[in-house]
Engineer: 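I am attaching a structure below and will ask some questions about it afterwards.
This one's a predicted model, so the numbers in the text were calculated from it and none came from an experiment. Residue numbering restarts at 1 for every chain, and letters A, B, ... go by the order of the sequence lines.
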Number of protein chains: 2
Amino acid sequence: MGDEHAETVRLLWGPHPRPTRGPRPTLDLDRIAQAGIRIADSDGLSDLSMQRVAAQLGVTKMALYRYVPGKAELIALMVEAAIGPCPTSRTARGGWREQLEDWARQLLTVFRRHPWTLEATIGPRVMGPGELSWMERAVCALDGTGLSGAERMDAAVLLVGHVRCITQQARAAGPAGNPEAQLGAILGDLMQTRGGQFPALTAALASAAQSDGQDQAWEFGLQRILDGLATLMDQRTR
Amino acid sequence: MGDEHAETVRLLWGPHPRPTRGPRPTLDLDRIAQAGIRIADSDGLSDLSMQRVAAQLGVTKMALYRYVPGKAELIALMVEAAIGPCPTSRTARGGWREQLEDWARQLLTVFRRHPWTLEATIGPRVMGPGELSWMERAVCALDGTGLSGAERMDAAVLLVGHVRCITQQARAAGPAGNPEAQLGAILGDLMQTRGGQFPALTAALASAAQSDGQDQAWEFGLQRILDGLATLMDQRTR
DNA sequence: CCTAACTGTGTCCGGTGGACACTGATGCGC
DNA sequence: GCGCATCAGTGTCCACCGGACACAGTTAGG
């Protein structure tokens, strides 16, 4: 039972007993995580190395291994600190749809602020209390809607998937510029040079080029998912 | 205009002129990509190195650089070869909903077969003809539904996001065992030990524990998205 | 036949994550 | 007050990574 994830769980969930003997630690987990977040925010996860994190904190890289077993656990700490707990402001106001919509928008801003969390949360991993609090809030918003527990979880997962997908799409455009336009430009170039073996795609892109909203894909998917949930609830209560 | 992506486009889209002079190349792009896919399929993308790919082909790692400018381009080739073109069987049979559902299921099997494509297609990247053919098929299925070009693209992107999200979730359980059960077990452990500061989540998990279907999250999200699309079309034609 | 083009190899470099032994600071039990 | 177990940070070392570059061997065209 005691696999290698146990240490990660302890790091994310505590406790973190301060030892009484020996010299005072100059660092703590939160400062290390913040330093890593600063690097990943500015230069991306690929430029994150133990050396850089240690240098930012004024220590040697090996000093970090006194706090963290390895790079993977450091990234897990960074993700937990970057995502943080779900803000509880305006809790339980409005119906499930308003609550979920608000929740999804807040989650999107968090992901947008730390785009590297996308690639950091790809594989199987241990979730921290902050991440779980986000799930808690979404499931809670669906209380009393007639959906089963599994369905409430699935709905939350579905929304998270959309948030992640949109965040990734937004990253393709860089910090400035709207994603759809740039994606459309690249695709349009390919269409023009490589001939029209994708007729439906070219037609859709030509029509999409005149579209304006830079968050159109986000709004579209969000409303479609919420519509689908509403349809299910309708079928249940009928 | 001639940025570093130009070489990637040439690699993915051709042409690949065979030189007349000099010794015959012992390798070709397809064999290299297949070797990389074999490694990534069995040991994951993190264990993919130029050395391993070269060893599998019986050459030195530097020989690969005669065909591929770098590791990133090799991975792009692998993704294109692994995803491949969208199968055109049973094309344009049934309504948009049946077509899209079939399309999404086929895409899911492809992603399940090559889970590493998830992390390989995270950042902004150049898409190959195979990937585009999948998009083409989805957009084509939505022809004549009253949706605008941008909306058809957004719908396809929405479905891809769901497929990716489910694939990631499935990876958490390893090759065997159903994802929801294992995820629920980890979460349940945390609930039990860390106390009930997530009441809604614990309740939902307790209810989800009795659920049976191992692809329930997949089916749930898929039907919700399709329901949402149907709702939009209903509003349009009304 | 010769030469230019091209392939695969060997060597080298900076950087990475991590193991390990070590020095020095610290607080508890005596 | 003192000694010693404990723990923090450092320096050194290693295997491995992606990639640059010069080189030898092979091939086809003039």
Side-chain angles (χ1 to χ4, degrees), chain A residues 4 7-8 10-11 15-33 35-36 39-40 43-79 116 119-120 123 125, chain B residues 4 7-8 10-11 15-33 35-36 39-40 43-79 116 119-120 123 125:
Chain A
E4 70 243 16
E7 185 67 9
T8 311
R10 203 192 54 76
L11 278 175
H16 309 293
R18 271 271 301 278
T20 59
R21 308 242 253 204
R24 294 278 175 82
T26 56
L27 307 173
D28 58 283
L29 288 177
D30 197 62
R31 281 191 58 199
I32 296 178
I39 294 174
D43 295 344
L45 204 59
S46 58
D47 277 21
L48 182 88
S49 69
M50 295 286 137
Q51 314 222 43
R52 279 199 67 178
V53 176
Q56 181 132 29
L57 294 166
V59 291
T60 321
K61 70 166 180 174
M62 289 316 291
L64 300 180
Y65 288 92
R66 292 281 168 192
Y67 304 84
V68 164
K71 194 186 185 183
E73 289 80 3
L74 167 63
I75 293 180
L77 277 177
M78 288 168 51
V79 168
W116 48 270
E119 49 204 299
R125 68 191 202 289
Chain B
E4 71 242 17
E7 185 68 10
T8 310
R10 202 192 54 77
L11 279 174
H16 308 294
R18 272 271 302 277
T20 60
R21 307 245 251 205
R24 294 279 175 81
T26 56
L27 307 173
D28 57 283
L29 288 178
D30 199 61
R31 282 190 58 199
I32 296 178
I39 295 174
D43 294 344
L45 204 60
S46 59
D47 276 22
L48 182 89
S49 70
M50 295 285 137
Q51 313 222 46
R52 282 200 64 178
V53 177
Q56 181 130 28
L57 294 167
V59 291
T60 321
K61 68 167 181 175
M62 289 316 291
L64 300 179
Y65 289 92
R66 291 282 169 195
Y67 303 83
V68 162
K71 193 186 184 183
E73 289 80 4
L74 166 62
I75 293 180
L77 277 178
M78 287 168 52
V79 168
W116 49 269
E119 49 203 299
R125 69 191 201 287

Engineer: Going by the rule salt bridge (Lys or Arg N to Asp or Glu O under 4.0 Å), which residues pair with A:Arg31 if we only count those two or more places apart in sequence or in a different chain?
Structural biologist: none
Engineer: Would a distance-only check, ignoring hydrogens and angles, find a side-chain to backbone donor-acceptor pair under 3.5 Å from B:Glu73 to B:Gly70?
Structural biologist: yes
Engineer: If I take atom CH2 from residue A:Trp116 and atom CG from residue A:Asp47, how far apart are they, to the nearest 0.5 angstrom?
Structural biologist: 14.0 Å
Engineer: Where along residues 68-77 of chain A does a heavy atom come under 4.0 Å from DNA chain D, residue by residue in number order?
Structural biologist: none
Engineer: If you look at every heavy atom in B:Met78 and B:Ala40, which pair is closest and at what distance?
Structural biologist: CE-CB, 3.9 Å
Engineer: For D:dC17 and B:Gln51 - does any side-chain N or O of the residue sit under 4.0 Å from the phosphate oxygens OP1/OP2?
Structural biologist: yes
Engineer: Nearest heavy atom decides the nucleotide; on that basis, is B:Lys61 or B:Leu27 closer to the 5' end of DNA chain C?
Structural biologist: B:Leu27
Engineer: Describe the nucleic acid contact of A:Leu48 in one word from base, sugar-phosphate, nothing, applying a heavy-atom distance below 4.0 Å.
Structural biologist: sugar-phosphate
Engineer: For B:Asp43, give me all partners under salt bridge (Lys or Arg N to Asp or Glu O under 4.0 Å), at least two apart in sequence or on another chain.
Structural biologist: B:Arg52
Engineer: Could you state the atom-to-atom distance from CZ of A:Arg31 to C1' of D:dG9 in whole Å?
Structural biologist: 14 Å
Engineer: For A:Val53 and A:Ala35, which heavy atoms make the closest approach, and how far apart are they?
Structural biologist: CG1-CB, 4.3 Å
Engineer: Below 4.0 angstrom from OP1 or OP2 of D:dG9, is there any side-chain N or O of A:Tyr67?
Structural biologist: yes
Engineer: Between A:Leu74 and A:Met50, does the side chain to side chain contact (heavy atoms under 4.5 Å, CB included) criterion hold? Intermediate values first, please.
Structural biologist: CA-CA 9 Å; A:Leu74 167 63; A:Met50 295 286 137; 3.5 Å; yes
Engineer: Between which nucleotides of DNA chain C, 5' to 3', does chain A make heavy-atom contacts below 4.0 Å?
Structural biologist: C:dT16 to C:dC28
Engineer: Checking A:Lys61 side chain against A:Ser49 main chain: does a donor-acceptor pair fall under 3.5 Å?
Structural biologist: no
Engineer: Short question: side chain of B:Tyr67, backbone of B:Ile32 - any donor-acceptor pair under 3.5 Å?
Structural biologist: no
Engineer: Return the set of residues passing side-chain contact (heavy atoms from CB on, under 4.5 Å) with B:Arg66 (not counting sequence neighbours), or none when no residue passes.
Structural biologist: none
Engineer: Along nucleotides 21-30 of chain D, 5' to 3', which nucleotides get a B, which get an S, and which get a -, given that the test is a protein heavy-atom distance under 4.0 Å?
Structural biologist: B---BBBSS-
Engineer: Taking all heavy atoms of B:Leu77 and all of B:Leu11, pick out the closest pair and write down the distance.
Structural biologist: CD2-O, 3.9 Å
